Amino acid sequence: MTRYWLMKSEPTSYSIDDLKQDGFTLWDGVRNYQARNYMRDEMAVGDLALFYHSNAFPSGVAGICRICKVGIPDLTALDPNSPYYDKRATKAKPIWCTVEVEYVEKFPYFVPLYEIRESSEFDGLVLLEKGSRLSIIPVDSTHFEGIRDLGHHSSPSYSEGNW
DNA sequence: GCCAACGTTGGC
DNA sequence: GCCAACGTTGGC
């Protein structure tokens with residue numbers, strides 16, 4: 001069964017346009033146990049994820065990617081020169097793991113966070129919970145499809161291709 | 001840049 | 001195991 005996720009990235013470091021250009025990317029650098037556990041224990045190949053731009057102007061969902069490989073050790077934890085270096089990590093026990101995702105689509109219409117907030121359709125979405133900082137978030141299929149619909153249809157302040 | 005909310009660390 | 005201090009996230 002396909003599951004649905006939301007994955008946050010700061011577009012200044014890696015955006016949906018970067019993923020579109022690369023085709024696929026390793027989602028490494030996650031250093032939160034709950035997010036790691038989702039990736040390690042619950043993500044499966046074929047799962048779909050909303051690609052979320054955080055710390056953006058505005059923040060919101062930019063498109064969709066698909067999980068194409070799971071159970072990958074995050075080797076950036078072993079690299080002293082990496083910002084994601086973790087001195088406790090070893091080759092035998094890298095501690096952190098990651099997944100590979102592939103580009104599916106960039107939405108014709110960017111879906112800003114404030115727009116998601118406005119609709120009662122998205123009540124219960126973990127992203128909207130106060131203080132929710134988790135970078136990997138499970139999303140139910142209804143919410144996933146609702147956001148995808150918004151991304152495919154006109155929204156008040158964003159025109160096609162102009163964001 | 002501000003600040004609220006959270007997660008992690010480390011002394012005890 | 002408690003909890004204060006600290007660092008980070010992320011919206012604004």
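When reading the values below, keep in mind they use all heavy atoms of this one structure, side chains included, and skip hydrogens, waters and symmetry mates. Letters go in sequence order (proteins before strands), and every chain restarts at 1. Quantities reported herein were computed from a predicted structural model and do not represent experimental measurements.
For A:F51 and A:W5, the ring centers sit 6.0 Å or farther from each other. Aromatic ring centres of A:Y109 and A:H152 lie farther apart than the 6.0 Å criterion allows.
The hydrophobic cluster containing A:V104 also contains A:I16, counting ILVMFWY residues as joined when their side-chain heavy atoms lie under 4.5 angstrom apart, directly or transitively.
If you measure from atom CD1 of A:I136 to atom P of B:dC6, you get 19 Å, rounded to the nearest angstrom. Rounded to whole Å, atom P of C:dG7 lies 17 Å from atom CG of A:D86. If you take OH of A:Y114 and C1' of C:dG10, they are 18 Å apart, rounded to a whole angstrom. Going from atom CG of A:L6 over to atom C1' of C:dG11 covers 15 Å, rounded to whole Å. If you measure from atom CG of A:N37 to atom P of B:dG7, you get 13 Å, rounded to the nearest angstrom. Rounding to whole angstrom units, CG of residue A:L134 and C1' of C:dT9 are separated by 11 Å. Per the geometry, CG belonging to A:L128 stands 14 Å off C1' belonging to C:dG10, to the nearest Å. Rounded to whole Å, the distance from CD on A:Q34 to P on B:dA5 is 18 Å.
OP1 and OP2 of C:dT9 both lie 4.0 Å or more from every side-chain N or O belonging to A:K8. A:Y52 has a side-chain polar atom (N or O) that falls below the 4.0 Å cut-off from OP1 or OP2 of C:dG11. In this structure, A:S59 does not reach the C:dG10 phosphate: none of its side-chain N or O atoms is under 4.0 Å from OP1 or OP2.
For A:Y33, the side-chain atoms get nearest to B:dT8 when compared with the rest of C:dG10, B:dT8, B:dG7. In this structure, of B:dG7, C:dG11, B:dT9, it is B:dG7 that holds the atom nearest to the side chain of A:R133. Nearest nucleotide to the A:R88 side chain, out of B:dT9, B:dA5, C:dG10: B:dT9.
In this structure, A:R117 reaches the sugar-phosphate backbone alone: every heavy-atom distance under 4.0 Å involves primed, P, OP1 or OP2 atoms, never a base.
When each of A:L26, A:V30, A:T25 is paired with A:D28, the side chain to side chain contact (heavy atoms under 4.5 Å, CB included) condition holds for A:L26 and for no other.
The closest side-chain donor-acceptor pair between A:Y103 and A:D18, if any, does not fall under 3.5 angstrom.
Residue-to-nucleotide proximity on DNA chain B shows that, of A:K87 and A:N55, the 5′-proximal contact is made by A:N55.
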